[in-house]
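Since the structure comes first, as structure tokens, the remarks are kept for the end.
Since the model is a prediction, treat every value here as computed from it, not as a measurement. Numbering of ligands and ligand atoms starts at 1, following listing order.
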Amino acid sequence: MKMTSEACVVSGIKNLDIKRQDVNYDGRGTLVKITRGGICGSDLHYYQHGKVGAYAVKSPMILGHEVIGEVVVSDNPALAKGRTVAINPSKPCHVCKYCLGGDENQCVEMRFFGSAMYFPHIDGGFTQYKIVDSEQCIPFDPSVDGRIMVFAEPLAVAIHAVNQAGDIHGRRVFISGVGPIGSLVVAVAKAKGAAEIVTADPSERCRQLSLTLGADKSLAPDAQDWIDYQADKGFFDITFEASGHPSSLGRCLDVTRAKGTIVLVGMGGAIPEFPMMTVIAKELRLTGTFRFVGEFRTAVEWLEQNIIDPLPLLSAEYAQRDFTEAMEFAGNKSVASKVQIVF
Ligand SMILES: [Zn+2]
Ligand SMILES: [Zn+2]
């Protein structure tokens, strides 16, 4: 089967196009008609800077890794034509030592949607038709609003982050930086029974959103309350650094109590003066978190069961032909949280 697909392609800094491509389905995997996608921070990085970290766009690449769609045809009989599916953008190798150990997110040969890490680059999902491995298709209840299900990928990231902290039930939790991921971490912490959730963000709009998603209190970086939270070697049992800013990490170290845990979620650069002594003397546990493993399925289930409502984070929807406007709007953090594209 041969289809023509219009794809949202980035070729470099501020260089976006809608390109027509042929999609040839040879009977292997699943051909999906993409219906909707969410713009993520990494898509914006490729658009604004032509790269994410050290990975620069060297040839045109389809953006997008937060997509849902409908099955056109599949090699898996369980995926009937028209079945609504959330697409897991991870494609691990299944044979490296990490995959064999169940840590597929650490796969040394990971093929993740919309990533310039390898050359040729791995195309993403912002296209009308896409062939994926059938195991990447997670069916969901068609009565669930697609605007909600597009949050499966970022929610999976948030659930994986919270899972890194161990048991969060009954704990005092701090989340520094409440963009979409930080706010979803709030919702997950709430769903998992955190006793108290406090957030911090310079943006009043983001602070309000975090309260809507389940935070008990949200503070500006210059609020007076921080002094109290620093008393007795810190207040919070578990802290999530979700901003990626060096100044935020210092605050996280100060307000997390001795023996507490800090999960680094936000992707930041190097910290010139890392306060190592605080980690040592307070016996803090400092851990990273990266993407997700089985949490993608959990996220689909949670959204089906309405365990969390991500819709307050949806700022706008755009038709595919208005892709450039969508990316411009999504890049304006004073007004936009999540922006979705309708295909
Ligand atoms: Zn994402
Ligand atoms: Zn692997």
Next item on the list: Verify the ring-centre separation between F151 and W302: is it less than 6.0 angstrom?
Entry: no
Next item on the list: Could you list all the salt bridge (charged side-chain N to carboxylate O under 4.0 Å, His left out) pairs where at least one residue sits in residues 244-269, not counting sequence neighbours?
Entry: D237-R257, K259-E283
Notebook entry, point to check: Can you tell me the N, O or S atom of E66 that's nearest the Zn ion (ligand 1)?
Noted result: OE2
Next item on the list: May I ask you to decide whether E328 forms a salt bridge with K14, counting only side-chain N to carboxylate O separations under 4.0 Å?
Entry: yes
Checklist line | Closer than 2.8 Å to the Zn ion (ligand 2) - protein N, O or S atoms, ordered by chain and residue number | finding: C93 SG, C96 SG, C99 SG, C107 SG
Margin query: Check this for me: Y25, atom OH, are more than 12 non-hydrogen atoms of other residues, nucleotides or ligands nearer than 6.0 Å?
Written below: yes
Next item on the list: Please confirm if an N, O or S atom belonging to E153, backbone or side chain, lies less than 2.8 Å from the Zn ion (ligand 1).
Entry: yes
Next item on the list: Kindly assign one of parallel, tilted or perpendicular to the pair H45 and H49, based on the angle between their ring planes and the thresholds 30° and 60°.
Entry: tilted
Margin query: Tell me whether V300 shares a hydrophobic cluster with L303, the cluster being built from Ile, Leu, Val, Met, Phe, Trp, Tyr side chains joined at under 4.5 Å.
Written below: yes
Margin query: For H65, run the ring pair (Phe, Tyr, Trp, His ring centres under 6.0 Å) check against F126, F292, F112 and tell me which one passes.
Written below: F112
